[in-house]
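These numbers come from the heavy atoms of this one structure, side chains and all, not from hydrogens, waters or symmetry mates. Note on naming: letters A, B, ... go to the chains in the order of the sequence lines (proteins, then strands), and numbering restarts at 1 for each one.
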Number of protein chains: 2
Amino acid sequence: MTIDKSFLTGNTTMLILRLLDEKDMYGYQMIEELRKKSNNVFELKAGTLYPLLHTLEKKNMVTSYEDIADNAKVRKYYSITKNGHNCLNEKREEWKTYIAAINEVLGGASFATD
Amino acid sequence: MTIDKSFLTGNTTMLILRLLDEKDMYGYQMIEELRKKSNNVFELKAGTLYPLLHTLEKKNMVTSYEDIADNAKVRKYYSITKNGHNCLNEKREEWKTYIAAINEVLGGASFATD
DNA sequence: CAATTATATATAGATAATCTATATATGTCA
DNA sequence: TGACATATATAGATTATCTATATATAATTG
């Protein structure tokens, strides 16, 4: 089954902030993590992610710094800010409300988790 | 709480087909139904819906006919086709897969903190 | 060893699904 | 009578994706 890519719209920021809420990561790593955690459902494109990270940095949701990864190579790491953490919590609440509404229309059971 | 409108992207077609899968409706009625069923979460705009209905008709997902509503006024009713019904079932499956993937990422072993 | 593929970051331009604004017409209510 | 709700419609703006392209290094493969 191929997932309608437009489902993703609006969730990318929430997902990225969620990853960074666990640990600092660099861009390419986020793409791989999302792919793995979602069982290949999310295949976020580099051309989507890097501009988004720059925007999140401008909005003070994340900060970046250069550091050396396990393989001794320099990578651009991102770290979530207090502001970004608060935004994540808001987005999670919105997401819960949203899927409850969808399920209300679809007439099915709720798939929401806390 | 204001819901991020971009969450809706990609779901509108599924929701409209779901409404029509229960009974024939006219455009304005769909907007009202979605608003009510979702407890005001969905406030679909006329400028979004009417062009979408025209597209769905071109794609043979729905058919339309003029009929007289309860209040004796002529309204443009839409009816789901077999094709539209099949599309709805596919979208529902995609939706399930998609939210399972989101919850996989969101649920990753942590609790929301402030 | 050369060619290809994977890793890694970045930007420009295209695409698609919404939105707002506007138009038109009728009906209702204060 | 003037504003607001119902009802349908289109044009143009906005926004979040995408693809294509660029660059550089590392790893793999023929």
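Judged as a salt bridge (charged side-chain N to carboxylate O under 4.0 Å, His left out), not a single pair has a partner in residues 74-86 of chain B (not counting sequence neighbours). For residues 26-35 of chain B, every residue pair satisfying the salt bridge (charged side-chain N to carboxylate O under 4.0 Å, His left out) rule, not counting sequence neighbours, is listed here: B:E32-B:R35. Judged as a salt bridge (charged side-chain N to carboxylate O under 4.0 Å, His left out), the pairs with a partner in residues 14-23 of chain B (not counting sequence neighbours) are, in order, B:R18-B:E22, B:E22-B:K37.
Residue A:F42 contributes atom CZ, which lies 17 Å from atom C1' of D:dC18 at whole-angstrom precision. Taking atom CG of residue B:L44 and atom C1' of nucleotide D:dT6, one finds them 16 Å apart after rounding to whole Å. Rounded to whole Å, the distance from CG on B:L49 to P on C:dA21 is 19 Å. Per the geometry, CG belonging to B:L15 stands 14 Å off C1' belonging to C:dA17, to the nearest Å. Atom CG in A:L34 sits about 12 Å away from atom P in D:dT17, given to the nearest Å. Rounded to whole Å, atom P of D:dA5 lies 13 Å from atom CD of B:E43. Atom NZ in B:K45 sits about 9 Å away from atom C1' in C:dT20, given to the nearest Å.
With salt bridges taken as basic N to acidic carboxylate O contacts below 4.0 Å, none links A:K91 and A:E94.
Between B:T12 and C:dT18 there is a side-chain N or O to OP1 or OP2 distance below 4.0 Å.
Using a 4.5 Å cut-off on side-chain heavy atoms (C-beta onward), B:L49 and B:Y28 make no contact. Considering only heavy atoms from C-beta on, B:L44 comes within 4.5 Å of B:I16 through its side chain.
Direction change of the helix axis from one end of the helix from C:dC1-D:dG30 to C:dA30-D:dT1 to the other is 10°, with five pairs defining each end axis (rounded to 10°).
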Taking only distance into account, with no hydrogens and no angle test, what donor-acceptor pairs under 3.5 Å do side-chain atoms of residues 59-68 of chain A form with protein atoms, sequence neighbours excluded?
{"residue": "A:S64", "atom": "OG", "partner": "A:E57", "partner atom": "OE1", "Å": "3.4"}
{"residue": "A:S64", "atom": "OG", "partner": "A:E57", "partner atom": "OE2", "Å": "2.7"}
{"residue": "A:Y65", "atom": "OH", "partner": "A:D24", "partner atom": "OD2", "Å": "2.5"}

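Partners of B:Y50 by ring-ring contact (aromatic ring centres under 6.0 Å, His included), not counting sequence neighbours: none found.
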(message) Please evaluate residues B:R92 and A:L106 with respect to the criterion side-chain contact (heavy atoms from CB on, under 4.5 Å), reporting the C-alpha separation (whole Å), side-chain torsions for both, the decisive distance (0.1 Å), and the verdict.
(response) CA-CA 8 Å; B:R92 287 179 81 125; A:L106 290 184; 4.0 Å; yes

(message) Can you build the contact string for nucleotides 6-12 of chain C? Use B for base contact, S for sugar-phosphate-only contact, and - for no protein heavy atom under 4.0 Å.
(response) -BBBBB-

